[in-house]
Asker: 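Below you'll find the structure I mean.
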Amino acid sequence: MTSKSTEVIVSIKDVHKSFGELEVLKGVSIDVRKGEVICIIGPSGSGKSTLIRCINALNDIQGGSINVCGIDVTDPKLQKLELRKRVGMVFQQYNLFPHKTALENIMMAPTLVLNEDKETVRKRAFALMQKVRLEGKENAYPGELSGGQQQRVAIARSLAMNPDVMLFDEVTAALDPETVKEVLVTIKDLAQEGMTCILVTHEMGFAREVADHIYFTDNGVIVEHGPPKTFFTKAKDPRTKEFLSQIL
Amino acid sequence: MATRIPGISELSTTDLPVLKPFLPRSSPQLHTSAWLAGFSPWTGLLLFLPLMLWPFASHAAGNYTIIDAFGTLWHWIPFLLKSGFLFNVIISLFAMLIGTAAGIVLGLGQISKISVTRKISWFITQLFRNSPWLVLLFIVLLAFPFEITVFGVIIMIPDWMKAVIGLSLPIMANISEIVRGAIMSVPTAQWEAAESLAFSRQQILWRIILPQCFKRMIPPWMNWYAILTMATPLCSLLGVEEIITLSRQAMEAENNHPELLVPFYSFALGLFFIYCYPIARMTMYLERRYAVKI
């Protein structure tokens, strides 16, 4: 929302992905510039989650190409770990490590993967807990936190790796309406700081407010896309119109 | 005609596969421990009861009396304990140690990314899991040399050592399944979360997955220890000196009075109960405790 560069940081070109016989993505192309916030919306089963899971190679693709920060994701000799150090991901079910405290959850990856000094990481972890407005909960186990709190720890955990891109996979879908807000505020803060974010979401109000660009997917293709202003008011495709009429 | 409402006016039936409700206490893995722990602690005393009653019934048979039978057993007890039951315990401990170490390796092999390793580990696991223990014992006893020569030094392998190896094979296979099952019981979402944080497969396994399922492995592991201990008398068939072998020898030394049979075997039964019962109770206690918290 602040200064936008023209540097494309994530480039998705004509991506095809199938699970066995079922083709989930049928030629999807998206360019994401540094600092941009992208929202992908669409009905269930339209391939939104699959698409963002392809970006950090949790899913492999059968056709097309994905380039993230200059790393070719389709390269057979891809260093998955190098890619994933650059890309943070937050899941619908939080997926915190239940045997570690909130602080340990955040500290684990930087200390074990990046081999950073433990004290430096600890300081950063405390700062991140503050950033997601959870100071005082550092020593709580995931089981002792509410869904919204766990999700914010999960966001902090990803941020601790200092990623270039953050992926959010329906991060508020499992939360109750009251806690949705606290998570969305956290993401909004991030977006305003200039973090490149790709979100799969059902929160239309949020998408409208935060996104720079909205993509509507249905049946494995991008049906329509555009900046929120035109997207929500002047949708052209009948499928988009129908979807929006049901949701708004 | 009345309306037919399945579940109200009649029994509801379905031919669809139905997921049964989850009962936290019925863990099929812990059958033996559940059965053993179901006894009252006083059962141990009850097992010794035939010791007192048997001689009354056989009193008429000869001039060998209750006092004699008791006296004989009393006389042999220190020997049966020190040279007999202690060996059962030693055999079970060693077999458990070797079986656990090999079982962990095999279990990790079963979830290896390398297909050959996975298949071989699976095959070994299934082979030893589904073989009769006695057959395994015989094979090891007959197939293993009684001495091996290492750099000109002859090392004797005592029979009890072979029994340890024979018993550790089925334990290894079952521990392998416990390890595999425990790892598989951790949601794949944990793997994905760790992968997306750039952890390597090794790190995910040792730092994130295994610490989570370690506790869950303890009750079935203890269950197998109790089963193993109760299986150690199998070794007597191979002539390994343990409590049953020595009981038989002791009775022979006492002129094979039939009155001795029940006291001697009841004594052995009571010993096994006293040893295994607390393990079974502990297993069930831990199972309940860990079932609540992951």
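Since we're looking at a predicted model, the values are computed, not measured. A, B, ... follow the sequence lines: proteins, then strands. Residue 1 opens every chain.
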Asker: Which bit of A/Leu112 comes within less than 4.5 Å of chain B, counting heavy atoms only: side chain, backbone, both or neither?
Answerer: both
Asker: Can you tell me if B/Phe39 has over 12 outside heavy atoms packed within less than 6.0 Å of its CZ?
Answerer: yes
Asker: Side chain, backbone, both or neither: which part of A/Arg157 has a non-hydrogen atom closer than 4.5 Å to chain B?
Answerer: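 For A/Arg157, the contact with chain B is made by backbone and side chain together.
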Asker: Are there more than 12 heavy atoms of other residues, nucleotides or ligands under 6.0 Å from atom CH2 of B/Trp122?
Answerer: no
Asker: Between B/Pro211, B/Ser200, B/Ala193, B/Ala194, which residue shows the highest count of heavy-atom pairs closer than 4.5 Å to chain A?
Answerer: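 Most heavy-atom pairs within the cutoff with chain A belong to B/Ala193.
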Asker: Does B/Arg207 CZ have over 12 foreign heavy atoms under 6.0 Å away?
Answerer: no
Asker: Quick one: sort the A/Phe97 and B/Phe199 rings into parallel, tilted or perpendicular, breaks at 30° and 60°.
Answerer: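 Aromatic pair A/Phe97/B/Phe199 classed perpendicular.
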Asker: Counting only non-hydrogen atoms closer than 4.5 Å, does B/Glu195 touch chain A with its backbone (N, CA, C, O), its side chain (CB onward), both, or neither?
Answerer: both
Asker: Go through the atoms of A/Val90 and report whether side chain, backbone, both or neither lie under 4.5 Å from a heavy atom of chain B.
Answerer: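 It is neither, since no heavy atom gets under 4.5 Å.
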Asker: Identify which part of A/Leu96 has an atom lying under 4.5 Å from any heavy atom of chain B, answering side chain, backbone, both or neither.
Answerer: backbone
Asker: Using the rule given for side-chain contact (heavy atoms from CB on, under 4.5 Å), can you reason through A/Thr179 versus A/Thr172, listing the C-alpha separation, both sets of side-chain angles and the distance that settles it, and then say yes or no?
Answerer: CA-CA 8 Å; A/Thr179 46; A/Thr172 56; over 6 Å; no
Asker: Taking every non-hydrogen pair under 4.5 Å, which of A/Arg86, A/Lys100, A/Met108, A/Lys85 racks up the most with chain B?
Answerer: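 It is A/Met108.
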